[in-house]
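One structure is given here, and the rest of the page talks about it.
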Amino acid sequence: MGFRKHVVNKKNFFNRPVWRNSVGNIVIHPLAYYEPENLDDLTALVNEAIAAKLPIRAVGAGHSYSSAPHTNGLLVDTSLLSRNLGPYPYTSKSGDFIEFESGIRLKQLNKELDKLNLALPTMGGIDHMALAGALQTGTHGSNLTLGAMSQMVRSILLVTHDPTREGAKVYRIEKSDGLTDKNTYPPEAPELIQDDDVFHSVVVSFGTMGIIYAVVLAVERLFYLEERKQLDSWENIKTQLQKGLLAQHYSVYILVNPYPVKGKLSALLAYSDRTGSKSKRTLILEDMKRKFLHRIDRAMRNPISQLLGNFPLTYWLFVWLINRFPHRIPHIINRALRTQQDKTYVNKSYKVMYQGLDYLKERAYDAEFAIYLEQDKYLVLLDDLFVLLQHLHNKYRFQLSSPIELRFIKQSEVFLTPEYGKDVCYIGTPVLKPAYGNGILLYHIQQLFMKHGARPHWGKMNEHVEKEYIQKVYPRFNDWLIQFKRFNPNGIFSNRFSRQMVE
Ligand SMILES: Cc1cc2nc3c(=O)[nH]c(=O)nc-3n(C[C@H](O)[C@H](O)[C@H](O)COP(=O)(O)OP(=O)(O)OC[C@H]3O[C@@H](n4cnc5c(N)ncnc54)[C@H](O)[C@@H]3O)c2cc1C
């Protein structure tokens with residue numbers, strides 16, 4: 001087989017394989033660590049797991065901080081599955097459909113699309129994740145017209161357990177009115193399943209239905225976004241939200257300081273809009289102008305905030321300030337909001353969607369839950385969250401280290417995605433990893449989210465959520481479970497996360 005086994009630089013003191021997620025709160029000691037290079041390697045690995053009756057699990061970039069990537073069996077690092085497989089040939093549908101291997105990082109994927117004058121319609125706030133890793137946990141940006149990243153998926157090549165025998169099988173999985181034209185699809189290609197229930201179960205299933213080898217995405221012609229970030233009071237922004245702010249822009253997200261300064265909560269409103277569809281030549285010329293001429297200030301985000309957010313010293317200064325002077329947190333968060341203000345930032349869509357501040361973000365985690373927009377349910381939850389956070393801060397001096405993040409996502413038909421059936425607001429509550437009282441803070445926050453019936457992000461802190469709750473808040477849970485049992489008959493794709501959440 002052509003793949004590397006037990007990669008040398010990923011061993012621990014005892015010379016055993018080890019894998020850590022990016023934040024460092026999940027450490028895995030698998031029995032074996034593999035880096036497959038193609039579909040045959042992947043199929044051989046799933047066969048090995050079935051024959052040896054060992055659990056097997058794929059990982060992407062390790063940017064989840066839930067225990068979704070955990071395994072004590074065979075670990076499949078998909079880093080080498082990173083090719084652009086090109087335009088999908090077996091379709092008669094109109095549009096741009098590009099197939100990528102599952103382990104490609106979004107940064108590389110964006111570059112590949114850019115070369116073709118194409119772009120992702122939406123993505124999360126950073127581009128370090130792998131494609132399948134991001135999809136499997138329901139990763140989202142902030143977009144009420146498109147939805148989360150799963151909305152771009154048209155076809156999935158899944159290596160899984162053949163339900164009819166003890167061996168691996170590769171399926172191409174699509175919606176009932178799927179992308180592939182059966183008349184042109186070669187008979188020797190992987191078996192095609194065009195079935196809404198199967199597709200809507202597999203897209204977001206956190207690695208429990210098999211290992212994804214490749215994904216076909218529906219993408220768009222390259223476009224530009226113009227973003228503005230304005231500091232205001234939370235009261236003003238809330239009024240704008242109630243008057244229909246979300247319908248006015250391509251993307252809106254909001255950062256709120258839950259701790260008042262002089263009796264007032266501050267917030268940063270960020271919104272972006274398309275600059276219009278222009279020819280490639282015009283876009284290139286505009287890009288050059290932006291880079292080299294007088295509009296250089298508009299082609300960059302606030303350089304102070306970008307510098308501070310990527311500078312290790314800032315991180316340690318933050319950690320020290322928060323733990324040593326907790327009473328100053330309302331002011332510290334207000335200052336962080338102020339440094340992120342921008343008059344205007346214009347750039348290619350994927351550069352605007354990428355929010356930066358990686359160094360800080362990759363040393364923090366949050367509980368992030370989605371709650372319906374209807375009847376302003378998210379505003380009711382937010383009021384309760386402010387009360388809880390202010391109480392814990394005033395009385396016990398432990399608190400969030402960053403503003404609350406609000407992002408807005410269109411409803412989806414994917415069975416286990418938090419925006420299933422209704423438009424939602426995702427509410428994120430970031431804490432720096434070494435901040436005092438994190439565990440108990442996230443416990444209280446998760447309890448509050450669940451009291452309001454909000455649904456957890458699968459890749460974020462959700463350790464207090466259990467199957468009974470998931471079953472209650474997802475109307476198609478039992479339909480999802482049917483597919484889970486079909487593709488995972490002997491439990492080789494199960495792990496402690498799936499046992500806690502869905503089994
Ligand atoms: C700094 C930072 C910023 C973030 N920003 C956002 C954001 O803006 N929006 C958002 O929604 N989330 C965000 N997240 C969360 C993150 O995007 C998700 O949790 C995502 O899953 C990470 O992708 P990954 O490639 O690192 O996946 P991993 O963490 O490696 O894996 C996630 C899950 O996918 C499964 N998996 C991976 N590859 C495959 C495969 N080939 N086949 C089958 N299963 C597979 C794994 O088993 C695991 O269950 C952020 C996280 C960090 C650390």
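Order of listing sets the numbers, starting from 1, for every ligand and every atom in it.
Annotation: the span from Asn488 atom CG to Ser498 atom OG amounts to 7.0 Å, rounded to 0.5 Å. With values rounded to the nearest 0.5 angstrom, Leu113 atom CG is found 10.5 Å from Gln108 atom CD. Taken to the nearest 0.5 Å, the CG atom of Leu157 stands 5.5 Å off from the CD atom of Glu99.
Heavy atoms of Met209 stay at 4.0 angstrom or farther from ligand 1. For the pair Lys460 and ligand 1, a heavy-atom separation below 4.0 Å is found.
Below 3.5 Å of separation, one finds an N or O of Thr139 facing an N or O of ligand 1. Here's the thing with His63: one of its N/O atoms is less than 3.5 angstrom from an N/O atom of ligand 1. An N or O contact shorter than 3.5 Å links Ser64 to ligand 1 by distance. Every N/O-N/O distance between Val23 and ligand 1 stays at or above 3.5 Å.
Each of the following atoms of ligand 1 lies closer than 4.0 Å to a heavy atom of Gly124: 7 (C), 8 (O). Close contacts between ligand 1 and Ile126 involve ligand atoms 1 (C), 2 (C), 3 (C) [criterion: under 4.0 Å to a heavy atom]. Remark: ligand 1 atoms within the under-4.0 Å shell around heavy atoms of Thr78 are 41 (N). Here is the list of ligand 1 atoms found below 4.0 Å of a heavy atom in Gly125: 7 (C), 8 (O). Near Met129, the atoms of ligand 1 lying under 4.0 angstrom from a non-hydrogen atom of the residue are 4 (C), 5 (N), 6 (C), 13 (C), 14 (N), 16 (C), 17 (O), 22 (C), 23 (O), 25 (O), 50 (C). Atoms of ligand 1 found under 4.0 Å from any heavy atom of Gly210 (numbered from 1 in listed order, with element): 43 (C). For ligand 1, the atoms closer than 4.0 angstrom to any heavy atom of Thr137 are 18 (C), 19 (O), 20 (C), 21 (O), 32 (C), 33 (C). If you number the atoms of ligand 1 from 1 as listed, the ones under 4.0 Å from a heavy atom of Gly60 come out as 25 (O), 28 (P), 30 (O), 37 (C), 38 (N).
Note: Trp458 and Tyr474 have parallel aromatic rings, judged against thresholds of 30 and 60 degrees for the angle between ring planes. Ring geometry for His140 against Tyr426 counts as parallel: the plane angle stays under 30°, on a 0 to 90° scale with 60° as the upper cut. Under the 30°/60° scheme for interplanar angles, the aromatic rings of Tyr88 and Tyr90 are found to stand perpendicular. Ring orientation note: the planes of Phe487 and Tyr171 are nearly perpendicular, at an angle over 60° on the 30°/60° scale.
Contacts of Gln136 with ligand 1, taken as heavy-atom pairs under 4.0 Å, involve the side chain alone. Under 4.0 Å from ligand 1, the heavy atoms of Tyr65 that appear belong solely to its side chain. At a heavy-atom distance under 4.0 Å, no atom of Gln355 approaches ligand 1. Contacts between His457 and ligand 1 below 4.0 angstrom, taking non-hydrogen atoms only, involve the side chain exclusively. Looking at Ala58 against ligand 1, both its backbone and its side chain come within 4.0 Å, counting heavy atoms.
Judged by the 6.0 Å and 45° rule, Arg154 forms no cation-pi pair with Phe97.
Looking at atom 24 (P) of ligand 1, its nearest protein heavy atom turns out to be Ala61 N, 3.5 Å. Nearest to atom 42 (N) of ligand 1 among the protein's heavy atoms is Ile212 N, 2.9 Å. Scanning the protein for heavy atoms near atom 9 (N) of ligand 1, the closest one is His140 O, 2.8 Å. Among protein heavy atoms, the minimum distance from atom 44 (N) of ligand 1 is reached at Gly207 CA, 3.4 Å.
With atom 38 (N) of ligand 1 as the reference point, the heavy atom nearest to it among Ala68, Ala134, Gly133 is part of Gly133.
No hydrogens or angles considered: a donor-acceptor pair under 3.5 Å links the side chains of Tyr350 and Asp114. Checking Glu101 against Tyr213 by side-chain atom types alone, a donor-acceptor pair falls below 3.5 Å.
In summary, the aromatic rings of Phe415 and Phe484 are positioned with their centroids too far apart to meet the 6.0 Å limit. For an aromatic pair to be called close, the ring centres must be under 6.0 Å apart, and His70 with Phe497 fails this.
In this structure, Val204 and Gln136 approach most closely via the heavy-atom pair CG1-O, 3.6 Å.
For the pair Ile193/Leu158, no side-chain contact is recorded, criterion being any heavy-atom separation below 4.5 Å from C-beta on.
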